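Residue numbers start from 1 in every chain, and the chains themselves are labelled A, B, ... in the order their sequence lines are given, proteins ahead of strands. In this text, all values refer to a predicted model and were calculated from it rather than measured experimentally.
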Number of protein chains: 2
Amino acid sequence: MSHSVTLTTLDDAGVAKRLCDYDILPTRQRVQIARVLLAGDQHLCADQVLGKVKAAGSGVSKATVYNTLGLFADKGILREVKVDPNRVFYDTNNSEHHHFYNIDSGELSDIDPGRILVDQLPEAPEGSVIDSVEVIIRVRQQSIPDV
Amino acid sequence: MSHSVTLTTLDDAGVAKRLCDYDILPTRQRVQIARVLLAGDQHLCADQVLGKVKAAGSGVSKATVYNTLGLFADKGILREVKVDPNRVFYDTNNSEHHHFYNIDSGELSDIDPGRILVDQLPEAPEGSVIDSVEVIIRVRQQSIPDV
DNA sequence: CTGGCAATTTAGACAAAGTCCAGATTGCTC
DNA sequence: GAGCAATCTGGACTTTGTCTAAATTGCCAG
């Protein structure tokens with residue numbers, strides 16, 4: 001039932017099937033991008049995905065990577081995380097959870113869902129409906145205390 | 001005691017004093033930028049601040065606006081809100097609160113602090129300390145239901 | 001098979017937000 | 001008012017992402 005399982009061992013056919021499950025036509029490029037993404041839980045930005053796809057020897061253009069990541073997010077196979085004003089992260093864990101963002105290293109990590117609780121959600125302003133709730137805990141590298 | 005009071009009637013001397021309170025040397029440009037910002041509670045991005053400063057007939061360069069907003073945020077006179085990957089918002093309300101972000105209109109609004117509660121804050125990952133906690137509730141324009 | 005058609009992909013031009021730099025100004029201090 | 005540090009400036013540059021028009025692909029009917 002869980003769709004956030006990620007297997008490094010998924011072959012092209014498996015990836016293609018996964019895409020179909022999400023109502024995505026599995027073109028060659030999409031399968032290649034999905035293979036990179038589904039190699040374990042991770043938080044990547046478009047540029048990193050492009051780099052990894054190219055490193056894997058697959059020719060996929062920048063525009064296609066951007067289009068495809070947007071498509072995947074729309075279809076729900078991954079989640080966009082907007083935490084850094086210069087970069088959108090794509091999270092292969094599409095279940096409900098929140099994030100730590102290390103402002104020094106630029107790294108994103110998941111918060112154990114059991115360890116945080118948002119209560120008393122307010123109503124959206126007149127004429128709007130809630131789309132998503134995101135909690136971002138920004139952390140810094142622990143500084144060495146002054147002696 | 002509250003430093004988030006904003007007065008449209010603040011004169012240059014008042015703004016300058018305010019800046020000094022925050023340990024900011026009140027240069028001409030900084031006072032002009034502060035006057036725009038302190039004209040009521042608002043959420044502006046750098047571009048909008050630049051536009052307003054120019055509209056007020058004051059010559060201030062783009063670089064200075066960016067530098068100054070960063071400085072103001074560092075000093076705590078305003079807060080950066082990173083909710084949109086292409087834009088940093090500066091919030092003149094520097095007290096603890098969270099935001100609604102309307103993804104259709106691009107508008108940011110405050111959540112009444114009494115209407116939301118984050119509980120059970122998790123510990124930061126090994127070697128890091130919490131810098132800030134931000135809750136963003138993304139909302140959409142309520143769509144007209146299909147008939 | 002083969003023509004036709006829609007969806008997808010592509011390279012590269014473009015756009016927006018923000019940073020960087022080297023030189024000019026400003027404002028203190030003595 | 002000379003010297004010096006801080007600040008400001010225009011403009012080039014960078015980064016992330018979007019757009020466009022043309023090429024490619026996949027698929028179906030005949």
[N] [atom2] sits how many Å from [X] [atom1], rounded?
X       : N      : atom1 : atom2 : result
A:Asn86 : C:dC20 : CG    : P     : 11 Å
A:Lys82 : C:dA17 : NZ    : C1'   : 17 Å
B:Gln48 : C:dG18 : CD    : P     : 11 Å
B:Asp84 : C:dA16 : CG    : P     : 14 Å
B:Leu50 : D:dC8  : CG    : P     : 14 Å
A:Leu69 : D:dT18 : CG    : C1'   : 14 Å

Worksheet item: When you check the phosphate oxygens OP1 and OP2 of D:dT18, does a side-chain N or O of A:Tyr66 lie under 4.0 Å from one of them?
Response: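 No.
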
Any residue meeting salt bridge (charged side-chain N to carboxylate O under 4.0 Å, His left out) with [X], in chain and number order, not counting sequence neighbours:
X        : result
A:Arg140 : B:Asp131
B:Lys82  : B:Glu80
B:Asp119 : none
B:Arg138 : A:Glu134

Item to complete: Would you please say whether a donor-acceptor pair under 3.5 Å links the side chains of B:His43 and B:Asn93?
Response: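 Not at all, the side chains of B:His43 and B:Asn93 share no donor-acceptor pair under 3.5 Å.
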
Response to the item:
Expected string for nucleotides 5-14 of chain C under the B/S/- scheme (protein heavy atoms, under 4.0 Å, primed atoms plus P, OP1, OP2 as sugar-phosphate) is ---SSBB-B-

Worksheet item: Remaining members of A:Leu25's ILVMFWY cluster at a side-chain heavy-atom cut-off under 4.5 Å?
Response: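 Traced through the cluster, A:Leu25 reaches no other member.
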
